[in-house]
Number of protein chains: 2
Amino acid sequence: MTILRSSHRLPAATPERGIPDATVARLPVYLRALNALIEQGTGTCSSNDLAAQAGVNPAKLRKDLSHLGSYGTRGVGYDVEYLSYQIAREIGQTQDWDVVIVGVGNLGSALSAYQGFSTRGIRVAALVDTSPERIGTEISGITVSALQDLTAIVAEREIAIGIIATPGEAAQKVADALVEAGITSILNFAPALVQVPEGVDVRKVDLSIELQILAYHEQRKAGLDKVVNG
Amino acid sequence: MTILRSSHRLPAATPERGIPDATVARLPVYLRALNALIEQGTGTCSSNDLAAQAGVNPAKLRKDLSHLGSYGTRGVGYDVEYLSYQIAREIGQTQDWDVVIVGVGNLGSALSAYQGFSTRGIRVAALVDTSPERIGTEISGITVSALQDLTAIVAEREIAIGIIATPGEAAQKVADALVEAGITSILNFAPALVQVPEGVDVRKVDLSIELQILAYHEQRKAGLDKVVNG
DNA sequence: AAGAGTTTGTGAACGCGTTCTCAAAATCGA
DNA sequence: TCGATTTTGAGAACGCGTTCACAAACTCTT
Ligand SMILES: NC(=O)c1ccc[n+]([C@@H]2O[C@H](COP(=O)([O-])OP(=O)(O)OC[C@H]3O[C@@H](n4cnc5c(N)ncnc54)[C@H](O)[C@@H]3O)[C@@H](O)[C@H]2O)c1
Ligand SMILES: NC(=O)c1ccc[n+]([C@@H]2O[C@H](COP(=O)([O-])OP(=O)(O)OC[C@H]3O[C@@H](n4cnc5c(N)ncnc54)[C@H](O)[C@@H]3O)[C@@H](O)[C@H]2O)c1
């Protein structure tokens, strides 16, 4: 059976100046670098300074920032606080985003305990599981709810982002439940594809693959050694 | 006219056919899809079938596979088991890769408990921490060692891959210790840049950024709603 | 044996992201 | 005011990855 992938068409218009994904992914890095500069009392910085701090090419940094507007001054550089605010505003970090975690096992528990999200505008607002042993228990100060309550929780707290931290077999069902509940962005840790309707964003984090990529390169290094030394 | 035989051309050179990173990252996905096909008893499959199973474009799949060699038969497709083995061999999944996790807090503990790595040729072989409370305790059946023992452990067990799961402030020191101990591939979960010498691979997983990217798109959706609805 | 149907492997076009480069815009000292 | 210096913003070239499109290679039917 074929799945018809309706549209990777672009609407002829594109009235909204969207920022390239590659850039969006780096803006939080710049923000962290800028905050480090603020802490050490820096008032302005050049693209060279900031790029070094963020670990990217200066030209790339300037191109990235040019997508937001012209916030620098030629011959001077960027006002650190001003730029920091502009980036924060652009990526929506001037407000907090509530997320719900589905599946509070090893990974879900670690995520819900993580303090680092709050400084990035992310707040774990709810935990959901199906295991009777977990429902009702408190994890990192949040009471675990049943999957049936998902819709009510999402509506009540106006949650837009959901995290799937269940086993792979449950991932599609959980994704369906999240979409049904009104979630429009999903971060999926399960090693499984999930299908969602148009308008819902899904990002996947596959830690096994990250390690397998490293293993591949390790194997190549070993192979080269053999060629050279053996 | 003379033909200059002596190369600055790449002749028979480029002895190492490297596979593009983008392809390497997808090979494990194909492998998982192939294993699913094996389980349901499929003997051969077309690039269309496999691509659907893996969630990619069929042309992309064929291009990816062409980097490994010609393992398909025109008019027929791919032998599922044969292709599965070829991919596994290519990405080094015919052997087990030992990894050491440094920092056995919330995340490190979740990783060490994860059963899913073993089926992908990854084995958590050692745990390291600096906290006296953790050193000597057993987590997921592995006794936590002190950071000072890292070099001995890496040497003894021939570990090539290390995972940084410590707070960001410790990340660079840990990376230095890993490199010093002989590690040549690092997966970094800490929200910090780490500098390593040439020859050492570093991949970074930043979960905050994943969520921030979703938040950015959520904000855009909200903005568009406003434009459309009033 | 030949023609119809299927599917791979790859050349070529395309699009996106990165990097190079430099004119324009700002500061500063004389 | 002018020239030297700094630094941004963006045009242009480049490279990589994706997708299209099709000839070549294979099977099956007649
Ligand atoms: N733990 C890790 O370090 C790690 C690493 C890589 C990938 N992952 C992936 O992340 C996911 C979670 O891993 P984990 O180690 O936390 O697993 P886990 O088994 O510890 O936890 C899974 C949790 O999901 C719950 N659950 C099961 N079905 C559910 C459903 N339909 N709805 C709601 N909750 C449900 C279970 O009750 C359990 O609490 C898995 O898909 C795993 O492959 C985990
Ligand atoms: N927990 C999460 O879900 C999560 C999410 C995103 C990012 N992270 C990042 O992953 C890393 C670990 O997070 P965590 O929540 O597990 O933190 P944690 O505080 O629970 O654990 C950190 C562990 O590292 C150990 N440690 C500290 N300094 C060390 C050193 N120099 N050498 C060896 N061990 C050392 C500590 O003793 C502790 O056991 C952090 O950088 C965090 O920002 C975690």
Side-chain angles (χ1 to χ4, degrees), chain A residues 1-12 14 17-27 29-30 34 37 42-80 82-83 86-87 90 209 213 216, chain B residues 10 14 17-27 29-30 33-34 37 42-80 82-84 86-87 90 209 213:
Chain A
M1 218 237 325
T2 357
I3 294 161
L4 294 182
R5 296 198 43 75
S6 69
S7 86
H8 27 90
R9 274 283 60 114
L10 17 153
T14 46
R17 55 186 184 109
I19 298 178
D21 264 0
T23 295
V24 172
R26 283 187 294 268
L27 290 177
V29 177
Y30 303 153
L34 284 167
L37 290 175
T42 311
T44 62
C45 69
S46 67
S47 62
N48 268 319
D49 300 338
L50 187 53
Q53 185 84 207
V56 302
N57 180 303
K60 189 194 280 186
L61 169 69
R62 292 200 300 276
K63 181 78 72 181
D64 282 342
L65 294 184
S66 75
H67 291 295
L68 317 191
S70 281
Y71 296 135
T73 309
R74 295 175 186 217
V76 179
Y78 301 91
D79 182 293
V80 174
Y82 181 61
L83 182 59
Q86 292 299 340
I87 294 178
E90 189 69 40
I209 289 181
I213 293 171
Y216 167 77
Chain B
L10 48 147
T14 48
R17 57 202 177 100
I19 297 178
D21 264 359
T23 296
V24 173
R26 282 187 295 268
L27 291 178
V29 177
Y30 303 153
L34 284 167
L37 290 175
T42 311
T44 63
C45 69
S46 67
S47 61
N48 268 319
D49 301 338
L50 187 53
Q53 185 85 208
V56 302
N57 181 303
K60 189 193 281 186
L61 168 69
R62 291 201 299 275
K63 180 78 74 180
D64 282 341
L65 295 183
S66 76
H67 291 294
L68 317 192
S70 281
Y71 296 135
T73 308
R74 298 175 186 217
V76 179
Y78 301 91
D79 182 292
V80 173
Y82 182 60
L83 182 59
S84 168
Q86 291 300 339
I87 294 178
E90 189 69 41
I209 289 181
I213 293 171

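Values below: all heavy atoms of this structure, side chains included; hydrogens, waters and symmetry mates excluded. A note on names: the letters A, B, ... follow the listed sequences, proteins ahead of strands, and every chain is numbered from 1.
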Applying side chain to side chain contact (heavy atoms under 4.5 Å, CB included) to Pro58(B) and not counting sequence neighbours gives Ser47(B), Asn48(B), Ala51(B), Arg62(B)
A correct 5'-to-3' footprint of nucleotides 4-14 of chain D, with B, S and - meaning base, sugar-phosphate only and no protein heavy atom under 4.0 Å, is --BBBBBBB--
Separation of dT18(C) atom P from Asp21(A) atom CG, nearest Å, is 11 Å
Residues pairing under salt bridge (charged side-chain N to carboxylate O under 4.0 Å, His left out) where one sits in residues 64-75 of chain B, two or more places apart or in two chains, turn out to be Arg26(B)-Asp64(B)
Heavy-atom nearest pair, Gln86(B) first then Tyr71(B), reads OE1-OH, 3.2 Å
Lys60(A) atom NZ is separated from dC20(C) atom P, nearest whole Å, by 11 Å
Taken in chain and number order and not counting sequence neighbours, the residues that satisfy side-chain hydrogen bond (donor to acceptor under 3.5 Å, both in side chains) with Asp79(A) are none
note: Ile19(B), atom CD1; dG17(D), atom P; distance rounded to Å ~ 12 Å
Whole-Å distance, Asn57(B) CG to dC20(D) C1', equals 9 Å
Whole-Å distance, Leu61(B) CG to dT7(C) P, equals 14 Å
Residue set satisfying side-chain hydrogen bond (donor to acceptor under 3.5 Å, both in side chains) with Asn57(A), at least two apart, ordered chain then number -> none
From CG of Asp64(B) across to C1' of dT8(C) the rounded distance in Å is 14 Å
Applying side chain to side chain contact (heavy atoms under 4.5 Å, CB included) to Val80(A) and not counting sequence neighbours gives Leu34(A), Leu37(A), Ile38(A), Thr42(A), Cys45(A)
note: Gln86(B), atom CD; dT8(C), atom C1'; distance rounded to Å ~ 16 Å
